[in-house]
Student: 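The structure follows.
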Amino acid sequence: MAIDCIAKASQIGSLDEKKSPLVFDASVFQKEKNIPTQFLWPDNEKPCPNAPELPVPLIDIGGFLSGDPNAAIEASKLVGEACEKHGFFLVVNHGIDFKLIQDAHISMNNFFDLPLIEKQKAQRNPGEHCGYSSSFTGRFSTKLPWKETLSMRFTPQEQENHKMVQDYILQKMGDSFCGFGKVYQDYCDSMNKLSLGIMELLGISLGVGKNYYKEFFQGNDSIMRLNYYPICQKPELTLGTGPHCDPTSLTILHQDDVGGLQVFVDNQWRSITPNTQAFVVNIGDTFMALSNGRYKSCLHRAVVNSETPRKSLAFFLCPYKQKLVVPPKELINRESPRMYPDFTWETFLEFTQKHYRSDEKTLDAFTNWIQQKTNC
Ligand SMILES: C=C1C[C@]23C[C@H]1CC[C@H]2[C@]1(C)CCC[C@@](C)(C(=O)O)[C@H]1[C@@H]3C(=O)O
Ligand SMILES: O=C(O)CCC(=O)C(=O)O
Ligand SMILES: [Fe+2]
């Protein structure tokens, strides 16, 4: 069966059944001279020391957000050039309240500083994408990332009492996390608004109009992820997050000031210098399909260090699960035939959670998987 061969090939589910999964407790591992073998990455994927910095233009979207049509055209041109070349850009004057960003980082610190037993109240269940995960020790058995994550599901507030993120945190962590839940409900609402603004710029730049993608994502079923990368005594042997393209549509990432994000551009890993005033925005696989391959899903990874823990906030914009991912007809012609099959995000997400570990070729593997299932 297609699923079996994909699963075997992708190391998901290949845990040694006789042993319970390793529990990643960085506060214990950090005291060891060496790191567990499960966290060692192959030589061809190990981080290169001091990847050269990539100078990335800051796209000022303040004028666009204030309704200036000329600024919208100028910003959409810069966004389009970046997305055609390597699939990411930085935005400033984004309109997101800096105190909210600061509160989100403080709340993240408070969560990851908890004892493991407390964090495990939000433990991620197998096959699900929400909850707390310490290094995915329950999902993979090799090339484990040196990180802890907390992921939450977000859908826009259509009714007054719809506060999915806040309700989830209260349910999992209890009343003492009421403030945490409110901060991340507000943060996700802000990310949703910024994402829809960026979708306007992407629609303009692709020539399909400012409302095409904005309306496509007006309803969305997105993911808010907190990445916490503990100090590592052997940072040159492991990775915080392995090389991958986000399978989602659009990622809005806020790095802290430690540094560790790297992108693969012109056949070289390049570091993205932290800028806490900016958001890193990258195209994911699903938007690459929605643009019929015109815009590139950005290959990136995160490295760790032996001095300071690093944190990043990643908002992953995703369509409603059952919405069919099909590019607009304007982007399909004789010179640009369809590049990817129709699919739903629900199927793609299930593929990444149950059958394939996202890497640099997830969308191609998913396309093959769909075709094999169709031919079975
Ligand atoms: C839909 C998703 C799967 C991952 C989180 C979001 C978007 C990025 C994906 C991921 C970060 C890519 C690298 C591998 C991964 C397993 C990880 O290191 O976290 C991926 C996430 C996941 O499958 O949980
Ligand atoms: O932490 C980072 O800088 C990148 C994280 C990332 O790529 C992800 O969570 O998809
Ligand atoms: Fe990513």
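None of these values were measured; they are calculated from a predicted model. We're numbering straight along the sequence, starting at 1. Each ligand, and each atom within it, is numbered from 1 in the order the structure gives.
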Student: How far is atom 13 (C) of ligand 1 from its nearest protein heavy atom, and which residue and atom name does that atom have?
Tutor: His244 CG, 3.5 Å
Student: Closest non-hydrogen protein atom to atom 22 (C) of ligand 1, residue and atom name please, with distance?
Tutor: Arg139 NH1, 3.5 Å
Student: What are the polar N/O contacts of ligand 2 with the protein below 3.5 Å, with distances?
Tutor:
residue, atom, partner, partner atom, Å
ligand 2, 1 (O), Tyr229, OH, 2.7
ligand 2, 1 (O), Arg310, NH1, 3.2
ligand 2, 1 (O), Ser312, OG, 2.7
ligand 2, 3 (O), Arg310, NH1, 3.3
ligand 2, 3 (O), Arg310, NH2, 2.6
ligand 2, 7 (O), His244, NE2, 3.1
ligand 2, 7 (O), His300, NE2, 3.0
ligand 2, 9 (O), Asn227, ND2, 3.1
ligand 2, 10 (O), His244, NE2, 3.2
ligand 2, 10 (O), Asp246, OD1, 3.1

Student: Would you please test Asp186 and Lys182 for salt bridge (Lys or Arg N to Asp or Glu O under 4.0 Å) and show each step?
Tutor: CA-CA 6 Å; Asp186 292 348; Lys182 177 154 181 24; 2.8 Å; yes
Student: Hey, do the aromatic rings of Phe351 and Trp369 have their centres closer than 6.0 Å?
Tutor: yes
Student: Tell me which one of His86, Lys85, Glu84 satisfies side chain to side chain contact (heavy atoms under 4.5 Å, CB included) with Tyr295.
Tutor: Glu84
Student: Do other residues, nucleotides or ligands put more than 12 heavy atoms under 6.0 Å from Lys321 NZ?
Tutor: yes
Student: Among all the protein's non-hydrogen atoms, which is closest to atom 11 (C) of ligand 1, and how far away is it?
Tutor: Arg225 NH1, 3.7 Å
Student: Who gets closest to atom 8 (C) of ligand 1 by heavy atom: Thr251, Thr241, Asp246?
Tutor: Asp246
Student: Does NZ or CZ of Arg357 lie under 6.0 Å from the centre of the six-membered ring of Phe140, at an angle within 45° of the ring axis?
Tutor: yes
Student: Is His129 touching ligand 1 with its side chain, its backbone, both, or neither, if touching means heavy atoms under 4.0 Å apart?
Tutor: neither
Student: Closest non-hydrogen protein atom to atom 9 (C) of ligand 1, residue and atom name please, with distance?
Tutor: Pro247 CD, 4.0 Å
Student: Please work out, at 4.0 Å between heavy atoms, whether the side chain, the backbone, both, or neither of Arg124 comes within that distance of ligand 1.
Tutor: side chain
Student: Measure from the ring center of Phe366 to the ring center of Tyr356 and say whether it is less than 6.0 Å.
Tutor: no
Student: Looking only at protein heavy atoms, which one is nearest to atom 17 (C) of ligand 1, and how far off is it?
Tutor: Lys147 NZ, 3.4 Å
Student: Under the ring pair (Phe, Tyr, Trp, His ring centres under 6.0 Å) rule, what pairs show up with a residue in residues 189-214, not counting sequence neighbours?
Tutor: Tyr213-Phe287
Student: Applying ring pair (Phe, Tyr, Trp, His ring centres under 6.0 Å), which residue pairs with at least one partner in residues 42-68 are found, sequence neighbours left out?
Tutor: none
Student: Between Arg357 and ligand 1, which part of the residue brings a heavy atom under 4.0 Å of the ligand: side chain, backbone, both or neither?
Tutor: neither
Student: Do protein heavy atoms approach atom 3 (C) of ligand 1 to less than 4.0 Å?
Tutor: yes
Student: Has Lys323 got its NZ or CZ under 6.0 Å from the middle of the six-membered ring of Phe216, at an angle within 45 degrees of the ring axis?
Tutor: yes
Student: Compute the ring centroids of Tyr187 and Phe315, then answer whether they are less than 6.0 Å apart.
Tutor: no
Student: Determine whether a donor-acceptor pair (N or O, by modelled atom type, separation under 3.5 Å) exists between the side chain of Ser249 and the backbone of Thr286.
Tutor: no
Student: Could you walk me through whether Lys361 and Asp364 pass the salt bridge (Lys or Arg N to Asp or Glu O under 4.0 Å) check?
Tutor: CA-CA 6 Å; Lys361 52 188 185 308; Asp364 290 339; over 6 Å; no
Student: What residue and heavy atom of the protein are closest to atom 14 (C) of ligand 1, and at what distance?
Tutor: Ser358 O, 3.8 Å
Student: Looking at Thr149, Thr308, Thr241, which hits side-chain hydrogen bond (donor to acceptor under 3.5 Å, both in side chains) with Tyr229?
Tutor: Thr241
Student: Look only at interatomic distance and state if Thr352 has a nitrogen or oxygen under 3.5 Å from any nitrogen or oxygen of ligand 1.
Tutor: no
Student: Going by distance alone, is a donor N or O of one side chain under 3.5 Å from an acceptor N or O of the other, for Thr248 and Asp246?
Tutor: no
Student: Please test Lys143 against Glu45 for salt bridge (Lys or Arg N to Asp or Glu O under 4.0 Å), starting from the C-alpha separation and ending with a verdict.
Tutor: CA-CA 10 Å; Lys143 300 199 314 184; Glu45 294 186 281; 2.8 Å; yes
Student: Output, by chain and residue number, all protein N/O/S atoms separated from the Fe ion (ligand 3) by less than 2.8 Å.
Tutor: His244 NE2, Asp246 OD1, His300 NE2
